[in-house]
Amino acid sequence: MAERTNYKKRTSTTQVGANDLGKLPPQAPELEDSVLGALMIEKEAYAMVADLLRPESFYKDQNRLIFEAIRALAAKDQPIDVLSVAEKLKSQGTLVEAGGPLYLSELTRKVASTAHLHYHAQIVAQKATARELIAMAARIEESAYDETQDVDELMQEAEAGVFEISQRSQKRDVTQIDPVIGEAFERMRKASKNEGNISGVPSGFHALDKITSGWQRSDLIIIAARPAMGKTAFVLSMAKNIAVNYNRPVAMFSLEMSNVQLVNRLIMNVCEIEGDKIKNGKLTKNEWSQLEHKVNDLLGAPIYVDDTPSLSVFELRSKARKLVREHHVELIIIDYLQLMNASGMSFGSREQEVSIISRNLKQLAKELDIPIIALSQLNRGVESRTGVEGKTPQLSDLRESGAIEQDADMVCFIHRPEYYHLYNDEKTGKDLRGLGQIIVAKHRNGATDSVWLRFRSKFAKFQNEDETFDDDLTPLPAAGNVTISSRMNQMANNAPVTMSPDGATIDDNIVPF
């Protein structure tokens, strides 16, 4: 009977007990005692572990209560010792539950030195993380047995749970500045060798690249506009420039269009054939020749597309890591931010969810050390204003969340005055027909400015303003069956691709990107 009583007493205060599999939860009670004792005898000890430990990090109930009291004292910059902690616990009505003054003094007597405090605290934190993973896995297992539970939602909930735990457990050590200076100089040296002193990923739009020096590593760039301004056309034109002209891998996550629709837009852009003709295949012989000749630019281009609908920020994270690891992707484009979700997490409003999404996109850009471009919708405030200047987008027009502006390193707007039947700039006399304005409204690491690009609406294509073009199809080799050597890695073999004006047949196994 005595043994049973002692066991009950021990389990009620330390939570030590076997789970359903007969295993004890991960714990380090001796180290917990050592950490708390050190915190009560060393003046600067709390600062060493403040970013590692939370009350939930402690397995023993009384230790959790003691750490809560220590943290409350530290928050008010009050002394931390046995007497002050005991007084704090007493004021909170938890002194007896925490073991009383005797237990506090026993904790300090167990500590011979605080030299290994940080190491001991790391072990305590790791045990707590392991317990969280076990608890989450148990919840997932229980839900998985529930046949009414949607499996896709369950997977997103599991991913969100693991992500949340990993975010809490990831801590970066402080770095002395010397190696960082060395890295900065190395990047500057590389940039000096690039044409036009472009240090980041070039957009291919020369005037814009002068402002940005290319899209910079770890930056979150928001490109926003009202519907029909050409957001997708702009990023597709840019993706083509980056992948085809500069041979730098780029990935695009399209939440609005399917892969085929996206590739059709790329074909329109590169081959300069109108969208209706791409869809219905009603091309003239010259247009077939145009298509067959120019589509070679896209074959084998390092462009990777993903059309997962209702993509969650957690799915994006795992996909992006794989793209960077396996394909060395240097830039990611998301079309568009408001169609994303943060499934597996609960929010009071859509604004809070968008805030979480934008914050996680910034964290992902920093983690992968690549620029991430996210398209965004503007609210209707633009429509209610008049005149050329009135129709120009402003930061206050960003839709759903001010956090988008706060998290972004750069915010750009796309503005086409011609859409609002504004054909001339009254101040400069500039003819605005066929032009689109890219406005850099926020630039954390540089100047704000605006540039003009030429917009060819029938091809959904942006290009440099000074580029010349002829909308008439240039005669190319006579139409007929034309064989194009394929360079696509996804093909099962290296057989040539045959396209013809009468059939336009292409091997069904080919995945363009």
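A salt bridge between Arg265 and Glu256 is absent, with no side-chain N of the basic residue lying under 4.0 Å from a carboxylate O of the acidic one. Using a 4.0 Å cut-off between a side-chain N of Lys or Arg and a carboxylate O of Asp or Glu, Glu56 and Arg131 do not qualify as a salt bridge.
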Inset, instruction - Assess whether side chain to side chain donor-acceptor pair (under 3.5 Å) is satisfied between Gln216 and Ser199, documenting all intermediate values. - result: CA-CA 7 Å; Gln216 299 297 310; Ser199 58; 3.0 Å; yes
Legend entry - Tyr423 vs Glu418, side chain to side chain contact (heavy atoms under 4.5 Å, CB included): CA-CA, chis, key distance, verdict: CA-CA 6 Å; Tyr423 303 114; Glu418 184 179 22; 3.8 Å; yes
Legend entry - Check against side chain to side chain contact (heavy atoms under 4.5 Å, CB included), Arg359 and Ile356: CA-CA 5 Å; Arg359 189 174 307 122; Ile356 289 292; 3.3 Å; yes
Legend entry - side chain to side chain contact (heavy atoms under 4.5 Å, CB included) between Val440 and Asp449, worked out: CA-CA 5 Å; Val440 181; Asp449 205 341; 5.5 Å; no
Inset, instruction - Please test Asn269 against Ser237 for side chain to side chain donor-acceptor pair (under 3.5 Å), starting from the C-alpha separation and ending with a verdict. - result: CA-CA 7 Å; Asn269 186 301; Ser237 299; 2.7 Å; yes
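Residue Tyr246 places its OH atom among more than 12 non-hydrogen atoms of other residues, nucleotides or ligands, all under 6.0 Å distant. For CD of Glu142, the number of neighbouring non-hydrogen atoms (other residues, nucleotides, ligands) closer than 6.0 Å is 12 at most. Counting non-hydrogen atoms of other residues, nucleotides and ligands closer than 6.0 Å to CE of Met136 gives a total above 12. Atom NZ of Lys210 has 12 or fewer neighbouring heavy atoms from other residues, nucleotides or ligands inside a 6.0 Å radius. Counted within 6.0 Å of CZ on Arg433, heavy atoms from surrounding residues, nucleotides or ligands total 12 or fewer; the atom is thus considered open. Annotation for Lys322: atom NZ does not count as buried by contact number, only 12 or fewer foreign heavy atoms lying within 6.0 Å.
In this model, a donor atom of one side chain and an acceptor atom of the other lie less than 3.5 Å apart for Asp306 and Thr308.
Partner Glu367 forms a salt bridge (Lys or Arg N to Asp or Glu O under 4.0 Å) with one of Lys362, Arg217, Arg317 and no other, that one being Arg317.
For the side-chain contact (heavy atoms from CB on, under 4.5 Å) test, residues two or more places apart in sequence or in another chain that qualify with Ser143 are Gln149, Leu154. By the ring pair (Phe, Tyr, Trp, His ring centres under 6.0 Å) test, His206 pairs with no residue at all, sequence neighbours left out.
Considering SG of Cys271 and CG of Leu291, their distance stands at 5.0 Å, rounded to 0.5 Å. Atoms CG and CZ, from Leu331 and Arg248 in turn, are 9.5 Å apart once rounded to the nearest 0.5 Å.
With contacts defined as side-chain heavy-atom distances shorter than 4.5 Å, the pair Phe413/Leu395 qualifies.
The nearest pair of heavy atoms linking Leu361 to Leu316 is CD2-CD2, 3.3 Å.
Within the 3.5 Å criterion, the main-chain N or O of Ser203 finds a donor-acceptor partner in the side chain of Asp209.
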